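The structure appears below as C-alpha cells.
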Amino acid sequence: MQVYLDNSATTRLDERVFEKMKPYLTEKYGNASSIHFMGEENSLTLLKAKEQIGRILNCDHSNLIFTSGATESNNMVLKGVMRSNKDPEPSSGGGNHILVSAIEHPSILETAKQLKEEGFDVEYIPVDSSGVVDLTQIKKMVRPETLLISVMAVNNEIGTIQPVETIGAFARKKGILFHTDAVQAVPYKTIDIRGWNADFLSLSAHKFNGPKGVGLAYINRRVKIRPFMAGGGQEYGLRSGTHNLPGIVGMAEALRLAYEEQDEIVKKVSELSAYFWKRIQEEIEDVQLNGDLKNRNPNNLNIMFRRIEGEAILMDLSTKGICVSTGSACSSNKLQASNILKAIGLKDNDLNSNIRFTLGKFNTKEEIDYTVGALKETVARLRSFTPLK
Ligand SMILES: *Cc1c(COP(=O)(O)O)cnc(C)c1O
C-alpha cells in the first residue's frame, strides 16, 4: 500500500485539472503575448483565468501577477516593496523597517535575512505558546518607519491559523503595508483579500491539487515596485517571461474546484484527521499533539513521539510505503530543529521527536488504518532499542 500524508509539501494533481490543462500543452500552444489569432485567443484565456481567480479571492483581478510559485511571489513582494521604497522623500510613506513573523516559511525567512544583509531593519514577530502571532506584540513593534508586515495565513508545520483579519485591519489603520503568505489556506480557510485588508498575498497551485511551478502574487499596484525580472514586459512589466498558460489554466481550475468543494473537503479531512489522532492517542503511548488543537488547519497533525527520533520514524514508515515529514519539506534535508517547535516552547530533548502528517482530499479511512498499524509497529520497535533520553 502507498499512503501519501505529506500534503503540505505538495499534492497530487487533480485529474479534472489535468484535463483542463491538456489543450494548452498541445494544440493551443500559442504565446499569449503574440499578436496573431493563436496569441489573441490565449491572451483572452489568461484574462478569464485572472477574472475567475479575482472573484474567488475577492480582489481586483488587475492586481494579480502570475509567477512560478509562492517562493517567487514572496521574494517579489518583500524585496520589491523594501528595495523600491527605501530612502524615501520626507513623508512619502516609505521606510526601511519590516516585520515578519518568526514562524514563516523559509521563502520569507531567508528573504528577510537577505534584506537584513542589505541593510534593512528586519524584526521577527514572536508567537504565543500555541503558535499564534500576537497582535499586541505587533502593536509594540511598529514604528513610523515600518513599511511592511508579513504574516502567513496558516502555518505549514503545525497548521496554526493566524489572525490575518485583525493584523490587516491594524496595518491599514496605521498606513503600513500588509502581506500574507496564504499558501496553506486553500481550501481550509476562505481567502478574502479585501476583507483582510491585504496589500499583497502569495499562493502556489501545487499545494491545492494544481500543477507545480505556477503561483500568483496579489499586488497592490499603487505601491511602487521595481521589477526584478527585466524582459518582454508581461504582467504590467512586473514579471517578464512567457506566460505558463497550461499552469495558469490549471491553477484557476484547481482553485475553483477547491472552493466549490470546500465544505466536502473540510468535512472529509476533519473527520479523517480526528479519527487518526484519536486512534494514535488510544493506541500509542507518550505522544503529544504540537500546537493548538482548535485553532488549526484540519489537515495537519504534528505529533511528538517521545524518546524516538522523528527521522527514524520517517525512514521506517517510508519503507512501509507511507510518506510523512519531520517538518517542512525544505528543512527536512537538514537535521536542524524547527523554528516553530522551538517558538512554541518544546524542550531540547523533544525537538527531534516529531512527525508532521498532512492529509488531503484523496486520503481514505483504509489508508489511515494502515498507517496506524504501521506506526504502532514502528514506534514499538524503535522504542525497544532506543534508550534515548
Ligand atoms: C510550499 C510553501 C511555499 C513555497 O511555495 P512554492 O510554490 O513551492 O515555491 C511558501 N509558503 C508556504 C507556507 C508553503 O507551504
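Please read all numbers here as calculations on a predicted model, not as lab measurements. Atoms within a ligand are numbered from 1 in the order they appear, just like the ligands themselves.
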Side-chain atoms of residues 244-259: list all donor-acceptor pairs with protein atoms under 3.5 Å, sequence neighbours left out, distances to 0.1 Å.
| from | atom 1 | to | atom 2 | distance (Å) |
| --- | --- | --- | --- | --- |
| N244 | OD1 | G247 | N | 3.0 |
| E253 | OE1 | R256 | NE | 3.0 |
| E253 | OE2 | R256 | NH2 | 3.1 |
| R256 | NH1 | E260 | OE1 | 2.7 |
| Y259 | OH | K189 | O | 2.9 |

Do NZ/NE/NH1/NH2 and the carboxylate oxygens of [X] and [Y] come within less than 4.0 Å?
| X | Y | value |
| --- | --- | --- |
| R16 | E19 | no |
| R172 | D199 | yes |
| E264 | K267 | no |

Could you pull out the N/O contacts under 3.5 angstrom between ligand 1 and the surrounding protein atoms?
| from | atom 1 | to | atom 2 | distance (Å) |
| --- | --- | --- | --- | --- |
| ligand 1 | 7 (O) | A70 | N | 2.9 |
| ligand 1 | 7 (O) | S204 | OG | 2.6 |
| ligand 1 | 8 (O) | H206 | NE2 | 2.8 |
| ligand 1 | 9 (O) | T71 | N | 3.0 |
| ligand 1 | 9 (O) | T71 | OG1 | 2.5 |
| ligand 1 | 11 (N) | D181 | OD1 | 3.4 |
| ligand 1 | 11 (N) | D181 | OD2 | 2.6 |
| ligand 1 | 15 (O) | Q184 | NE2 | 2.7 |
| ligand 1 | 15 (O) | K207 | NZ | 2.8 |

Which atom pairs, one a donor and one an acceptor, fall under 3.5 Å between side chains of residues 114-126 and the rest of the protein, sequence neighbours left out?
| from | atom 1 | to | atom 2 | distance (Å) |
| --- | --- | --- | --- | --- |
| Q114 | OE1 | K79 | NZ | 2.6 |
| K116 | NZ | V122 | O | 3.2 |
| E118 | OE1 | R83 | NE | 3.1 |
| E118 | OE2 | R83 | NE | 3.4 |
| E118 | OE2 | R83 | NH2 | 2.6 |
| D121 | OD2 | R143 | NH2 | 2.1 |
| E123 | OE1 | H97 | NE2 | 2.8 |
| E123 | OE1 | R143 | NH1 | 3.4 |

Subject >> Qualifying residues under side-chain hydrogen bond (donor to acceptor under 3.5 Å, both in side chains), relative to S8, sequence neighbours excluded >> reply: Q184

